[in-house]
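As structure tokens, the structure follows; a few thoughts come after it.
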Amino acid sequence: MGRNFMGLLAICLTLLLACGGAAKSNEDWIWVPESAIAEVCTIEDGVVGVGETLQVPVQVPRTGEYHVMVSYLPMETSTLSNTALIHIDGNEVRSRLPVLWRDVPGEVQYDRYGNEILPDQEIFPGDSLTYLQDYSTFAGRPYVFVLPAGQHTITLKPESFAVQFTRLVLIHTTPQVSYRQYHEETGDLPLGKDFVIIEAEDYVLKNDSFIRGTSVKNTAVRPNDPCIRRINALAHTSFKNPGQKVLYEFAIATPGLYALAFSYSQPTKPGMPVFRTIELDGQVLFEELRDVPFSHTGMNVYDHLLVGAAETCYIYLDQGRHTLALQVTAAPLDEIYIGLSEMITEMNAVTLKIKKLTGQNSDVTSNIDTNRTWDVLQYMPTILDDISRWQRDLHDMHDALRTISGTEPTFANDLMLAAQNLERLKEEPRTLPRKIALLGDDASSAAQLLGTLLPKLAGQELSIDRIYVYDGQTILPEARETLRGKVRTGLKEFLHSFSPVMNESARRGTDVLTVWVNKSSQYVEVLQELTAQDFTPRSGINVNFSIMPREDKLILSNASGTNPDVVVGLSAHYPFDFGVRGTAQNLLEWEDFLDWYGAEYNLESLVPFSFDGGVYAAADTNEFRVLF
């Protein structure tokens, strides 16, 4: 088969040299064949602080192209992305050093309404292992270093937080095979008989703490319960940045050829797919598993994707445990993103040059004599050629996006709007300074339109409900919710709304705190989860949260005697008004309030809420300006 490796390099714990059928470790992030390992360097005393350097001597066995892998242990608990500068033979590159996270093991937690609560996160208690990868592109491909045979020194310099490097591995580069080549070796094998379902929210490892499950209210998303919230899918808002990666584990009982299918939702990019690279047992087995496109489905609409466009891609899996990893990528958009970034820089430079020429200040609409013309071409002879070039490039980018997506990329309409602005600029060069708002500084200028498009290109939002490993022929469970399912679920929700647990707020007592929140529903949900996990277990006090859509409801509730105990998110002027009327609690009646508040917050923030020697509110949000 050519895939029965003599040994494999495993993440986190050690370099395992085992026979192809040997059991693998519990957490497999990256695996490479032993034949590809050129050199393994164990690092003693590899603790390196921010800005410090570590020099690792490496013996290169023969001249050739190599990848470099590093094994490391983070010395700090941080949600920030760590990067490192790497020097090899005078070349300097930058690579991300991701920290591996997992959900804290244990039973599923529920709030008092029976809803599932997201588990706490923790850093994986073993070494992390990663290729040194190109930090500046969406593709995230490992760097290729051309190294002559002999002794070399690799210098590592962490930039965000301290790490302990434990091992450095030199890997021979190998060409990526196509599915056709892979199929020539495996095509005669029988189809597998297993039907494996992987719930996307049940990941084993992830390289970003922000990746999380979510509760999707959709009758076709499983597991589903009309009466309680179930964590039943991977949140599209958390799994969107190039480089993010999640790892799943599954078992195969019957060896054979298996297909991969996904039940997914891609809600945010109409007319454009998002991309994922798929790894089986730590490897991208063939080129068609790179940058797999997931087409737009619509908000909260799920669909099936069977991997393999023209033909189903079958993967051989032997008996035992396997891993499947998904990495966010946007490699097909790399060239367009870089081109747009460079174009915006050029447009801003031209805008600034025209301002210097005409004496305008930062406000493009002021100090302009509408009756005056300028011989712009005398000072900027290439300006019209530059504008024409930008127009051509914008049209080419739009055509490239259409080719990638196979349909009209409506999410990128700003490309055509920017091109129209440029066309208007060319109409009369002598009046170009009067129309400079079409190029830069204005909210609808070409530069601003392209600037708002950049994060849309980078964002790769994708929600996944389930991953299927099966024979490619069995009919999959329906991914789209049906009208019958909606009606049945709606009826159950209606009946459940009359249950005692859903009407708990009507029974007010000394051990129930009523809180109105002038924030979004997502904010209230987070407050509910934090309260259920921490405050209520510690204090024994139950809390009822309610969204307050209008602040004047407070005045009406005070008049009717149905006012809440606490209000969160109120406008800053209301506490003074209520304090004057004696309808708000003076926080200074608690002797330890100032000590408690001053330990974490600025006491000056209480000034707007003070009246006649009393304090009637505390700031929950402080805004400040930062110049950087």
Mind listing the closest non-hydrogen atom pair of [X] and [Y] along with its distance?
{"X": "Asp465", "Y": "Glu201", "result": "O-OE1, 3.9 Å"}
{"X": "Asn207", "Y": "Pro98", "result": "CB-CB, 3.8 Å"}
{"X": "Glu199", "Y": "Pro223", "result": "OE1-CD, 4.1 Å"}
{"X": "Leu394", "Y": "Ala419", "result": "CD1-N, 3.7 Å"}
{"X": "Ile123", "Y": "Pro74", "result": "CG2-CG, 4.1 Å"}
{"X": "Phe210", "Y": "Thr237", "result": "CE2-O, 3.4 Å"}

Between [atom1] of [X] and [atom2] of [Y], what distance do you get to the nearest 0.5 Å?
{"X": "Phe124", "Y": "Leu205", "atom1": "CZ", "atom2": "CG", "answer": "5.5 Å"}
{"X": "Thr514", "Y": "Asp565", "atom1": "OG1", "atom2": "CG", "answer": "5.0 Å"}
{"X": "Leu417", "Y": "Leu422", "atom1": "CG", "atom2": "CG", "answer": "11.0 Å"}
{"X": "Phe411", "Y": "Lys456", "atom1": "CZ", "atom2": "NZ", "answer": "8.5 Å"}
{"X": "Ile464", "Y": "Ser263", "atom1": "CD1", "atom2": "OG", "answer": "9.5 Å"}
{"X": "Gln121", "Y": "Asp208", "atom1": "CD", "atom2": "CG", "answer": "10.0 Å"}

Without swapping roles, check the side chain of [X] against the backbone of [Y] for a donor-acceptor pair under 3.5 Å.
{"X": "Arg581", "Y": "Gly579", "value": "no"}
{"X": "Gln266", "Y": "Met272", "value": "yes"}
{"X": "Ser265", "Y": "Ser463", "value": "no"}
{"X": "Ser238", "Y": "Arg212", "value": "yes"}
{"X": "Gln244", "Y": "Val328", "value": "no"}
{"X": "Lys355", "Y": "Ile436", "value": "no"}
{"X": "Thr536", "Y": "Ile541", "value": "yes"}
{"X": "Glu481", "Y": "Asn218", "value": "no"}
{"X": "Gln460", "Y": "Phe275", "value": "yes"}
{"X": "Lys492", "Y": "Pro226", "value": "no"}

How about [atom1] on [X], more than 12 heavy atoms from neighbouring residues, nucleotides or ligands closer than 6.0 Å, or not?
{"X": "Lys157", "atom1": "NZ", "value": "no"}
{"X": "Glu604", "atom1": "CD", "value": "no"}
{"X": "Tyr110", "atom1": "OH", "value": "yes"}

Side-chain contact, heavy-atom cut-off 4.5 Å: [X] with [Y]?
{"X": "Tyr203", "Y": "Asp103", "value": "yes"}
{"X": "Arg102", "Y": "Pro125", "value": "yes"}
{"X": "Leu457", "Y": "Leu401", "value": "yes"}
{"X": "Tyr574", "Y": "Val567", "value": "no"}
{"X": "Tyr72", "Y": "Asn82", "value": "no"}
{"X": "Leu554", "Y": "Thr583", "value": "no"}
{"X": "Leu606", "Y": "Leu603", "value": "yes"}
{"X": "Leu453", "Y": "Leu449", "value": "no"}

Per-pair distances, 0.1 Å, donor-acceptor, side chain in residues 614-621, under 3.5 Å, sequence neighbours excluded:
none

Handout entry: Steps toward side chain to side chain contact (heavy atoms under 4.5 Å, CB included) verdict (Ile344, Leu454)
Key = CA-CA 10 Å; Ile344 292 171; Leu454 287 180; 3.7 Å; yes
Exercise for the section: Identify whether NZ of Lys or CZ of Arg in Arg466 sits under 6.0 Å from the centre of the six-membered ring of Tyr302 and within 45° of that ring's axis. Expected result: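 Geometry flag: not set, cation outside 6.0 Å or 45°.
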Problem - Aromatic Phe535 / basic Arg538 pairing, under 6.0 angstrom, 45° off normal - result: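 Negative - Arg538 is either too far from the ring of Phe535 or too far off its axis.
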Handout entry: Cationic N near anionic O, under 4.0 Å, Glu116 to Arg229
Key =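 Here Glu116 does not pair with Arg229 in a salt bridge, since their nearest N and O are not under 4.0 Å apart.
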Practice task
Determine, stepwise, if the pair Leu85 / Arg94 fulfils side chain to side chain contact (heavy atoms under 4.5 Å, CB included).
Solution key: CA-CA 5 Å; Leu85 282 176; Arg94 177 176 279 106; 3.5 Å; yes
Practice task
Test side chain to side chain contact (heavy atoms under 4.5 Å, CB included) on Leu483 and Val487 and set out the steps.
Solution key: CA-CA 6 Å; Leu483 178 60; Val487 173; 4.2 Å; yes
Exercise for the section: Look at the aromatic rings of Phe593 and Trp596 and report parallel, tilted or perpendicular, splitting at 30° and 60°. Expected result: tilted
Exercise for the section: Assess whether side chain to side chain contact (heavy atoms under 4.5 Å, CB included) is satisfied between Gln585 and Trp590, documenting all intermediate values. Expected result: CA-CA 10 Å; Gln585 180 74 41; Trp590 286 280; 3.5 Å; yes
Handout entry: By side chain to side chain donor-acceptor pair (under 3.5 Å) - contacts of Glu461 (at least two apart)
Key =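 Expected list: Thr268.
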